[in-house]
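Protein chains get the first letters and strands the later ones, always in sequence-line order, with residue 1 at the start of each. Model, not experiment: these values are computed from the prediction.
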Number of protein chains: 2
Amino acid sequence: MTVGATRPGGRTARVRAAVLKAAGDALVEHGFDRLDLADVARRAEVGKTTVYRRWGTVAGLVTDLLADMAEQSLPRADTGTLIGDLRANARLVQRTLVDSRQGALFRAVIVAATCDLRAAEALHRFYAVRIAEWAPCVEQAVRRGELPPGTDAAEVIRAVSAPLYYRLLVSGDPIDEAMADRSAEAAAAAAHAGVFTQTSCPD
Amino acid sequence: MTVGATRPGGRTARVRAAVLKAAGDALVEHGFDRLDLADVARRAEVGKTTVYRRWGTVAGLVTDLLADMAEQSLPRADTGTLIGDLRANARLVQRTLVDSRQGALFRAVIVAATCDLRAAEALHRFYAVRIAEWAPCVEQAVRRGELPPGTDAAEVIRAVSAPLYYRLLVSGDPIDEAMADRSAEAAAAAAHAGVFTQTSCPD
DNA sequence: GCGCTAACGAAACCACAGTTCCCTTAGCGG
DNA sequence: CCGCTAAGGGAACTGTGGTTTCGTTAGCGC
């Protein structure tokens with residue numbers, strides 16, 4: 001996935017780092033639609049030919065940026081209780097989306113995914129990994145007897161994030177910490193009620 | 001908000017209808033980023049000057065399209081139970097997002113909202129209205145004693161849609177009817193547990 | 001019906017995002 | 001340390017999305 005695999009040491013890697021940094025800056029300033037690769041090249045102090053040759057399109061560049069973002073993963077929490085873990089997850093997502101740089105970046109990659117198939121695949125892989133990282137929280141809760149057996153762990157994690165992204169992209173309502181907590185509590189309540197059990201297991 | 005308010009009868013209205021129709025078609029075919037106003041003009045059999053003069057930008061056109069979509073509102077359900085109403089809402093949203101034309105249209109207006117301030121305002125208004133339309137379901141449930149008093153009705157409705165939009169835009173997971181039902185059930189369970197009460201009311 | 005003007009439209013025009021050409025630089029292997 | 005080649009870069013070029021100009025059409029009021 002990563003562009004420029006040969007000659008990883010030295011210039012190639014330096015150029016990639018500079019360009020991705022510049023792309024992030026430009027994205028935060030102008031947004032996905034007004035991203036100009038020549039502008040990115042200028043910011044990165046790199047020839048625009050290079051940017052066009054290695055990444056080709058705005059979507060391609062954003063896809064690589066996403067691959068780069070995927071490498072820096074924050075570890076999941078382990079507070080001992082389901083609600084504690086879910087709250088930690090919700091607050092992490094909340095902080096990320098509210099942060100002006102990160103929020104803009106996430107909006108950009110999500111937009112890129114609606115325009116470009118490769119970007120969409122990269123995005124879906126990204127979230128599949130993130131969800132799989134946090135799923136153990138739910139599995140532990142099942143083992144502890146906090147949740148009914150057969151609970152779909154991924155579904156619970158998705159339920160925590162969904163309201164935050166919904167507000168970011170769709171409704172535009174504010175995304176504060178109280179909101180994040182409510183989101184975690186709602187997911188926990190639904191999971192307790194057995195809504196996310198895969199093998200139709202009533203409460 | 002609607003463009004071309006003067007001389008509403010006759011040509012102006014006809015042109016608007018033709019252009020919005022053409023814009024929808026083009027949007028479904030190419031997506032927001034590859035929308036060319038000259039192409040829209042050609043499809044609508046209208047001078048491209050007209051499209052540029054009246055709408056100016058892609059985002060402007062999509063904003064007007066959204067205003068047009070806002071006018072055609074489907075009535076909310078009234079099944080007599082909270083879960084019945086929420087399920088009806090979830091299934092309505094699910095069908096809309098899965099429909100190839102409507103789904104593409106919604107993706108497009110959401111993308112437009114991330115690029116353009118006016119489009120964002122229009123989108124947020126659109127969903128504020130939709131949510132307000134369905135909120136009475138929850139209020140009735142509170143009155144019936146199905147839910148704790150002080151439940152934030154809008155929050156419950158948002159909770160129903162959020163997982164569907166999350167899948168559409170973020171995770172890329174499938175959006176089927178079973179998923180919609182689960183979403184409705186999760187929102188109902190959380191509401192029952194008092195997660196959405198505004199005046200900190202424990203269960 | 002008749003004229004006034006808002007709105008439409010054809011065509012020439014312009015700017016700049018993206019491409020091409022060809023030369024230069026620098027990393028790695030021996 | 002030297003040469004081979006992958007990668008970078010400057011500058012000229014091009015195609016198309018968007019603008020401007022100015023003449024035409026059609027809706028509304030009288």
Side-chain angles (χ1 to χ4, degrees), chain A residues 1-23 25-27 29-64 68 108 111-112 115-116 118-119, chain B residues 1-23 25-27 29-64 68 108 111-112 115-116 118-119:
Chain A
M1 194 81 287
T2 302
V3 182
T6 26
R7 288 196 180 174
R11 190 162 60 160
T12 301
R14 266 199 321 275
V15 167
R16 178 169 180 251
V19 169
L20 291 188
K21 171 77 167 57
D25 293 347
L27 228 37
E29 272 182 46
H30 308 308
F32 175 80
D33 60 317
R34 285 179 207 169
L35 192 61
D36 175 13
L37 295 199
D39 177 50
V40 171
R42 222 172 300 127
R43 287 165 186 258
E45 295 180 306
V46 147
K48 78 169 180 169
T49 320
T50 301
V51 176
Y52 279 106
R53 188 168 30 226
R54 274 178 68 173
W55 291 277
T57 65
V58 172
L61 180 55
V62 172
T63 304
D64 196 34
D68 191 59
V111 169
C115 304
D116 181 89
R118 289 182 180 286
Chain B
M1 192 82 286
T2 301
V3 182
T6 27
R7 290 196 180 176
R11 190 161 61 162
T12 300
R14 268 201 317 277
V15 166
R16 177 170 181 249
V19 169
L20 292 187
K21 172 78 166 55
D25 294 346
L27 228 38
E29 273 182 47
H30 307 308
F32 175 80
D33 60 318
R34 286 180 204 169
L35 193 62
D36 175 13
L37 295 199
D39 177 50
V40 171
R42 224 172 298 125
R43 286 166 187 257
E45 294 181 304
V46 147
K48 79 167 179 169
T49 320
T50 300
V51 176
Y52 279 105
R53 186 165 32 223
R54 275 180 67 174
W55 291 278
T57 66
V58 172
L61 181 55
V62 171
T63 304
D64 197 34
D68 191 59
V111 168
C115 306
D116 182 89
R118 288 180 181 286

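Within 3.5 Å, no donor on the side chain of A:R14 pairs with an acceptor on the base of C:dG27, nor the reverse. Counting distance only, with no hydrogens placed and no angle test, the side-chain atoms of B:R34 and the base atoms of D:dG17 include no donor-acceptor pair under 3.5 Å.
When all heavy atoms are compared, the tightest approach of A:V40 to A:V19 is CG1-O, 3.8 Å. Considering every non-hydrogen atom in both B:A119 and B:A112, the closest pair reads CB-O, 3.7 Å. Between B:F32 and B:V111 the shortest heavy-atom distance is CD2-CG1, 3.4 Å.
Taking atom CZ of B:R11 as the reference point, atom C1' of C:dA6 lies 9 Å away to the nearest angstrom. Taking atom CG of residue A:D33 and atom C1' of nucleotide D:dG17, one finds them 15 Å apart after rounding to whole Å.
Salt-bridge annotation for A:R16 and A:D64: present, with a side-chain N of the basic residue lying under 4.0 Å from a carboxylate O of the acidic one.
Within the structure, every side-chain polar atom (N or O) of A:T12 is placed at least 4.0 Å from both OP1 and OP2 of D:dA7.
Using a 4.5 Å heavy-atom cutoff, the side chains of B:L20 and B:L61 are in contact. Residues B:T12 and B:R54 form a side-chain contact, since some pair of their non-hydrogen atoms from C-beta on lies under 4.5 Å apart.
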Inset, instruction - Summarise protein proximity over nucleotides 10-20 of chain C in one line of letters, 5' to 3': B for base, S for sugar-phosphate only, - for none, counting protein heavy atoms closer than 4.0 Å. - result: BB-----SBBB
